[in-house]
Number of protein chains: 2
Amino acid sequence: MKLTSKGRYAVMALVDLAKFNDINPVSLRDISLRQGISLDYLEQIFSKLRKKAIVQSVRGNQGGYVLNKKANEIKLTNIFDAVDEKVKTVQCKKESKKGCNGKLTKCLTHNLWDELENHINDFFEKKSLEDLIKDNIERRI
Amino acid sequence: MKLTSKGRYAVMALVDLAKFNDINPVSLRDISLRQGISLDYLEQIFSKLRKKAIVQSVRGNQGGYVLNKKANEIKLTNIFDAVDEKVKTVQCKKESKKGCNGKLTKCLTHNLWDELENHINDFFEKKSLEDLIKDNIERRI
DNA sequence: TAGATACTTGACTATTTTAGTCAGGTTTAT
DNA sequence: ATAAACCTGACTAAAATAGTCAAGTATCTA
């Protein structure tokens, strides 16, 4: 299992944004330079974040992005959801409620994968952007 | 993040194997039929499981595979390790100890990804094949 | 001892996903 | 006006995935 860079970048960029989010909006250009993420790629990512109301955009010269909610209200879940980073352990989710792989019973390990998904999603549900920033300040590196 | 089918199949096949593992070895052909996994693919997977001493092979007519350890000694970690299913959250692991992305400091979210990896690996460390079989019998579906 | 069963290995490949790039906009502060 | 910065959609190279295919080797059973 691995995390895609889209999800990882989204979180990195938002932490960066939250950190520099004082009076002026933060430009993607700055984030791009600080975090070493391609500007074009960032634009794709922020377009999705904006559609999910996680950030707000300010157009024009000296524009940029601003958080649209308080940092403690933005969970990892929300971020990953916005950029389509999903936790997928089975294919058999969407099929008939009864069984998997076209069979009548659930596959032998169905419960396991469900548990795993929940285990991971719990983690994402508990972590907020605020937690990340705090952790960052404390470590100061 | 998603689980690859190689990892998923490995676990499914081992649960199947453990379930039918009485006196005779279990043939891959049977597992293939019961679980709907391609025989050729299963062979690849079991070759790896054998190299990591998770199963033992019995060649010849009426041959097949047998667990090489007790079911409670086989953790998900061991299985995933055998088939190269790894939990990867960052690219910056192998780089210089000090920083990420060629920088001097750790990336803003490095700790987070570490935590996430540990969180997931904990789950794999705790679940044994025995747990899965028990769960299966209790549910009886 | 012939033959069938089943393990063993390695190479090959189509498909999908990822991780972007690129081009051509539009908006707005100064 | 013009530059900064957002905005959008299409495109693509490279990697990973999910297998298939071919050609074995070992050993049980009749």
Side-chain angles (χ1 to χ4, degrees), chain A residues 1-13 17 20 23-33 35-52 54-66 68 80 83-91 101, chain B residues 1-13 17 20 23-33 35-52 54-66 68 80 82-92 101:
Chain A
M1 327 190 60
K2 66 167 188 271
L3 195 68
T4 65
S5 68
K6 186 168 273 183
R8 192 157 19 86
Y9 287 168
V11 177
M12 285 171 68
L17 176 59
F20 289 88
I23 303 154
N24 302 314
V26 180
S27 75
L28 291 190
R29 187 159 183 283
D30 287 351
I31 297 178
S32 164
L33 290 172
Q35 302 303 326
I37 304 168
S38 132
L39 179 59
D40 282 319
Y41 206 19
L42 273 179
E43 278 170 355
Q44 269 185 50
I45 293 168
F46 272 77
S47 165
K48 294 180 181 218
L49 293 174
R50 194 178 58 77
K51 278 172 191 157
K52 292 284 182 171
I54 292 171
V55 294
Q56 248 189 338
S57 69
V58 180
R59 301 192 111 196
N61 197 345
Q62 301 300 317
Y65 284 92
V66 190
N68 196 34
F80 285 149
V83 298
D84 302 309
E85 172 87 41
K86 288 187 190 106
V87 178
K88 280 170 70 179
T89 55
V90 268
Q91 259 71 49
N101 309 323
Chain B
M1 326 191 61
K2 67 167 189 270
L3 196 67
T4 65
S5 69
K6 187 168 273 182
R8 192 159 17 88
Y9 287 168
V11 176
M12 285 171 69
L17 176 59
F20 289 88
I23 304 153
N24 302 313
V26 180
S27 74
L28 292 189
R29 186 158 184 285
D30 287 351
I31 296 178
S32 162
L33 290 172
Q35 301 304 325
I37 303 168
S38 132
L39 181 56
D40 281 319
Y41 206 19
L42 273 179
E43 279 169 353
Q44 270 186 51
I45 291 168
F46 273 77
S47 165
K48 294 181 180 219
L49 293 174
R50 194 178 59 76
K51 278 173 192 157
K52 292 283 182 173
I54 291 170
V55 295
Q56 250 190 335
S57 69
V58 179
R59 302 192 109 196
N61 197 345
Q62 302 299 316
Y65 284 91
V66 190
N68 196 34
F80 285 149
V83 299
D84 301 310
E85 172 88 39
K86 289 187 190 103
V87 178
K88 281 168 71 179
T89 54
V90 267
Q91 260 71 48
C92 38
N101 308 325

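All values reported here derive from a predicted model rather than from experimental measurement. To find a chain, count down the sequence lines: A is the first, B the second, and so on, and within it residues start at 1.
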Would you kindly give the [atom1]-to-[atom2] distance between [X] and [N], to the nearest whole Å?
| X | N | atom1 | atom2 | answer |
| --- | --- | --- | --- | --- |
| B/R8 | D/dA18 | CZ | P | 7 Å |
| B/E85 | D/dA16 | CD | C1' | 12 Å |
| B/K48 | C/dT8 | NZ | C1' | 14 Å |
| B/L49 | C/dT9 | CG | P | 13 Å |
| A/E43 | D/dT8 | CD | P | 10 Å |
| A/L28 | C/dT21 | CG | P | 14 Å |
| A/Y41 | D/dA5 | OH | P | 23 Å |
| A/L42 | D/dC7 | CG | P | 13 Å |

query = Considering heavy-atom distances to DNA chain C, does A/D40 or A/K2 have its closest nucleotide positioned more toward the 5' end?
reply = A/K2
Verify the contact: side-chain N or O of [X] to OP1 or OP2 of [N], cut-off strictly under 4.0 Å; return yes or no.
| X | N | value |
| --- | --- | --- |
| A/Y65 | D/dC7 | yes |
| A/S5 | C/dA19 | yes |
| B/S38 | D/dT20 | yes |
| A/R59 | D/dA3 | no |
| B/Y9 | D/dA18 | no |
| B/R50 | C/dT8 | yes |
| B/T4 | D/dT17 | no |
| B/S57 | C/dT8 | yes |

Touch class at under 4.0 angstrom, heavy-atom based, for B/Q62 against every strand present = sugar-phosphate
ask   = Looking at A/V26, A/I54, A/D30, A/L28, which hits side-chain contact (heavy atoms from CB on, under 4.5 Å) with A/L17?
value = A/V26
ask   = So which nucleotide from C/dG20, D/dT20, C/dT9 ends up closest to the side chain of B/S47?
value = C/dT9
message = Nearest to the side chain of B/K51, heavy atoms from C-beta on, is which of C/dA11, D/dC6, C/dT9?
response = C/dT9
Lys/Arg N to Asp/Glu carboxylate O, B/D84 vs B/K6, below 4.0 Å = no
message = On DNA chain D, compare the nucleotides closest to A/V26 and B/N61; which residue's is nearer the 5' end?
response = A/V26
message = Applying side chain to side chain contact (heavy atoms under 4.5 Å, CB included), can you list everything that pairs with A/Q62, at least two apart in sequence or on another chain?
response = none
